[in-house]
Amino acid sequence: MDKIIVITDSNSGISPAVASNMGIGVIAMPFVIDGETYYEKEDISDEKFYEALEKKLKISTSQPAVGSLYACWQKYLEHYDQLIYIPMSSALSNSYETAVMLASQPEFMDKVYVVDNRRISLTQTESVKDALYLIKKGYHAKTIKEILDSDAKQSVIYLMVNDLDYLKRGGRISKTASIVGTTLNIKPILSIKGEKLEFYGRAHGMKQAIKKMEDALENDMRTTFAVLKKTGNLKVGLAYTKADEKLIATVKESLQKRFPDLPFIEGPITMSIACHTGPNAIGVGLVKSYDILR
């Protein structure tokens, strides 16, 4: 049987330490703070990152350099026969297209398989877990890619942004809309449903925003994900940037109470995403997972 390794990027939220325990590889996403490049979880701490964010320093995101990706794949293929690479959603970054281009090179043909099941953060982590599960089941890397790609729309995320200034700085909204929204305590809610980040709705205050997101999840569970709920391979999740611990605990308790039959997952939103959302952003979601069947 072929030896297969799974590689992802740090937009999954998987740290190097966790990756080591899982037996996978993680490529750190680069971002630039005032002209200096950093690599997530490698040469900058969460504390230093959020300090820069809250000081409103100029921060931009990027994708892994082709050379870094090439070196990573070459390193692992010295010990494995095949490699499954799971980058963040192609709808949110050019990382996928870059990886596909590289995988088409002769040295990687029939060895590297790039997955795009349109996921990020906790849902991307579930893709990694699913790949590991399918490897244990004896599937070929190409088949695993096809299975995961076919699940491209089997997840949803709703994301509440607490501070509109970060969306303004990223060009998502105008300066006027930011000022008015902040004055009226309006919390925008964004959604990711297999495609690009889109505007879902707005709420007045944190409490209403969380309820609105939970209502959206419940509707999705009863409609789009009704079959997955019935078959038992659906998870509910909570992700967050730097946020008040009491708030995180409250949302977690509320989700578990509202969706008691669904396995619960949680974790922090990564730095490269937090660049655009700022601190105190809360995300909730549903995701198909083969990992439940273990």
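Numbering starts at 1 and runs along the sequence shown.
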Under a plain distance cut-off of 3.5 Å, with no hydrogens placed, do [Y] and [X] share a side-chain donor-acceptor pair?
{"X": "Ser155", "Y": "Arg118", "result": "no"}
{"X": "Tyr85", "Y": "Asp116", "result": "no"}
{"X": "Glu126", "Y": "Ser289", "result": "yes"}
{"X": "Tyr80", "Y": "Asp2", "result": "no"}
{"X": "Tyr50", "Y": "Glu54", "result": "no"}
{"X": "Glu198", "Y": "Tyr200", "result": "no"}

### Query
Are Leu53 and Leu57 joined in one hydrophobic group, where the rule is that I, L, V, M, F, W and Y side chains link up if heavy atoms are under 4.5 Å apart?
yes
### Query
Quick check: does any side chain N or O of Thr123 sit under 3.5 Å from a backbone N or O of Arg119, one acting as donor and the other as acceptor?
no
### Query
Do Ser272 side-chain atoms and Thr61 backbone N/O form a donor-acceptor pair below 3.5 Å?
no
Under the side-chain hydrogen bond (donor to acceptor under 3.5 Å, both in side chains) rule, collect the residues that match up with [X], sequence neighbours excluded.
{"X": "Lys242", "answer": "none"}
{"X": "Glu51", "answer": "Lys55"}
{"X": "Lys211", "answer": "Asp215"}
{"X": "Gln124", "answer": "Thr8, Asp9"}

Side chain to side chain, [X] and [Y], heavy atoms closer than 4.5 Å:
{"X": "Leu217", "Y": "Leu255", "answer": "yes"}
{"X": "Pro188", "Y": "Met160", "answer": "no"}
{"X": "Met271", "Y": "Ile44", "answer": "yes"}
{"X": "Lys235", "Y": "Leu122", "answer": "no"}

### Set of salt bridge (Lys or Arg N to Asp or Glu O under 4.0 Å) partners for Asp46, sequence neighbours left out
Lys41
### Message
When you measure from the centre of the six-membered ring of Tyr113, is the NZ or CZ of Lys145 closer than 6.0 Å and no more than 45° off the axis?
### Response
no
### Message
Suppose we call two aromatic rings close when their centres sit under 6.0 Å apart. Are Phe31 and Phe49 close by that rule?
### Response
yes
### Task
Please determine if Lys288 and Asp151 form a salt bridge, counting it only when a charged side-chain N lies under 4.0 Å from a carboxylate O.
yes
### Query
Less than 4.0 Å between a side-chain N and a carboxylate O, is that true for Arg222 and Glu218?
yes
## Note on the structure
Distance col, row Ile157:CD1 vs Leu238:CG, nearest 0.5 angstrom, shows 11.5 Å
#### Entry: Interatomic spacing from CD in Glu42 to CD1 in Ile27 - rounded to 0.5 Å
10.0 Å
### Residues which pass ring-ring contact (aromatic ring centres under 6.0 Å, His included) with Phe259, listed by chain and number, not counting sequence neighbours
none
### Query
Which of these, Ile86, Val128, Thr143, sits in a side chain to side chain contact (heavy atoms under 4.5 Å, CB included) with Leu148?
Ile86
